[in-house]
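Below is one structure; the comments refer to it alone.
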Amino acid sequence: MKRLSRRFYSRPTEELAPALLGKLLVCGDRVGRIVETEAYLGPADQASHTRFGKTARNEVMFGTVGVAYVYFIYGMYDMFNVVGYRGREAGAVLVRALEPIAGIGDDVKVASGPGKLTRAMGIRRSAHYGADLVTGGDLYIAGGARRAGAVATGPRIGVDYAGAWARRRLRFWIEGNRSVSRAR
DNA sequence: GTTCCGATGCTT
DNA sequence: AGCATCGGAACG
């Protein structure tokens, strides 16, 4: 499978997030189709980890695009993002759900949610923080074989603290796909 | 169907 | 103290 290029990630996350739908996330011999994403922008975005500027946790969001931003939350979940933005900005796309393709069983629920998919795929902050998806390593994104369905949009999940930014339609999913996470 | 809660540890 | 979550319990 062919890795997506650096150029693919060099665009605003609100464009990158829907473009990733239907692509294949690969970690070793495990594969899932991306069916749900969220765009997180630069420091103006009050829901983004970039909103406090560059810190030890989020520094890769300000660095090379096409690199993994993996963070640990709620004491038990790793979340997988890929860095993307255009020009002198910052940002990343959170992958929220995968359709199982290979190596993770065929239970629809196993990768339906951002905390669950990292467990299913074996993605960990300790192993993959800052990993370059373009040049090498076990973790990457490849073009999908099938065409994705229609793209639906809605507010991002779990960011109600972010005021008007919480209401922007920066969540994207493949309409009707059974692996899309249920909103809370 | 809904709402609430605890788990568990890093970040600000 | 709060968190880009989740599964289960309680309730209606």
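Residue numbering restarts at 1 for every chain, and letters A, B, ... go by the order of the sequence lines.
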Would one find a side-chain N or O of A/Y161 under 4.0 angstrom from OP1 or OP2 of C/dA4?
-> yes
CZ of A/F52 versus C1' of B/dT11: gap in Å, rounded?
-> 10 Å
For A/R156, answer base if it contacts any base atom (sugar-phosphate contacts may also be present), sugar-phosphate if it contacts only those atoms, and nothing otherwise; contact means non-hydrogen atoms under 4.0 Å.
-> nothing
With A/Y140 as partner, the option from A/V134, A/T135, A/V26 fulfilling side chain to side chain contact (heavy atoms under 4.5 Å, CB included) is A/V26
Check the distance between B/dT11's P and A/Y129's OH and give it to me in whole angstrom.
-> 9 Å
Check whether any side-chain N or O of A/T55 sits under 4.0 Å from OP1 or OP2 of B/dT12, and answer yes or no.
-> yes
Rounded distance in Å - CG (A/D78) to P (C/dC6) = 12 Å
Between A/D138 and A/H128, does any side-chain donor sit less than 3.5 Å from a side-chain acceptor?
-> yes
Rounded to the nearest Å, what distance is computed from the CZ atom of residue A/R171 to the P atom of nucleotide C/dA4?
-> 16 Å
Look up atom OH in A/Y69 and atom CG in A/L94, then write down how far apart they are to the nearest 0.5 Å.
-> 10.0 Å
Quickly work out the A/M79 CE to B/dT11 C1' distance and round it to whole Å.
-> 14 Å
Nearest 0.5 Å please: distance from the CG atom of A/L25 over to the CD1 atom of A/I141.
-> 5.5 Å
A/R96 side, atom CZ; A/F172 side, atom CZ - distance, nearest 0.5 Å | 13.0 Å
Would one find a side-chain N or O of A/R119 under 4.0 angstrom from OP1 or OP2 of C/dC6?
-> no
A/N58 atom CG is separated from C/dA4 atom P, nearest whole Å, by 12 Å
Could you state the CG-C1' distance from A/D160 to C/dT5, rounded to the nearest angstrom?
-> 14 Å
Pull out every protein N or O sitting under 3.5 Å from an N or O of nucleotides 6-8 of chain B, one pair per line with the distance.
unit_1: B/dT8; atom_1: O2; unit_2: A/Y74; atom_2: O; d: 2.3

Calculate, to the nearest 0.5 Å, the distance between atoms CG and CZ belonging to A/D132 and A/R3 respectively.
-> 8.5 Å
Any strand, both distances under 3.5 Å, Watson-Crick or G-U wobble: C/dA1 pairs with B/dT11
Is any side-chain N or O of A/K116 closer than 4.0 Å to OP1 or OP2 of C/dG7?
-> yes
Residues at least two apart in sequence or cross-chain that pass side-chain contact (heavy atoms from CB on, under 4.5 Å) with A/S126, listed by chain then number, are A/R124
Starting at NZ of A/K109 and ending at C1' of C/dC6, how long is that distance when rounded to a whole Å?
-> 10 Å
For B/dT11, does OP1 or OP2 lie under 4.0 Å from any side-chain N or O of A/R125?
-> yes
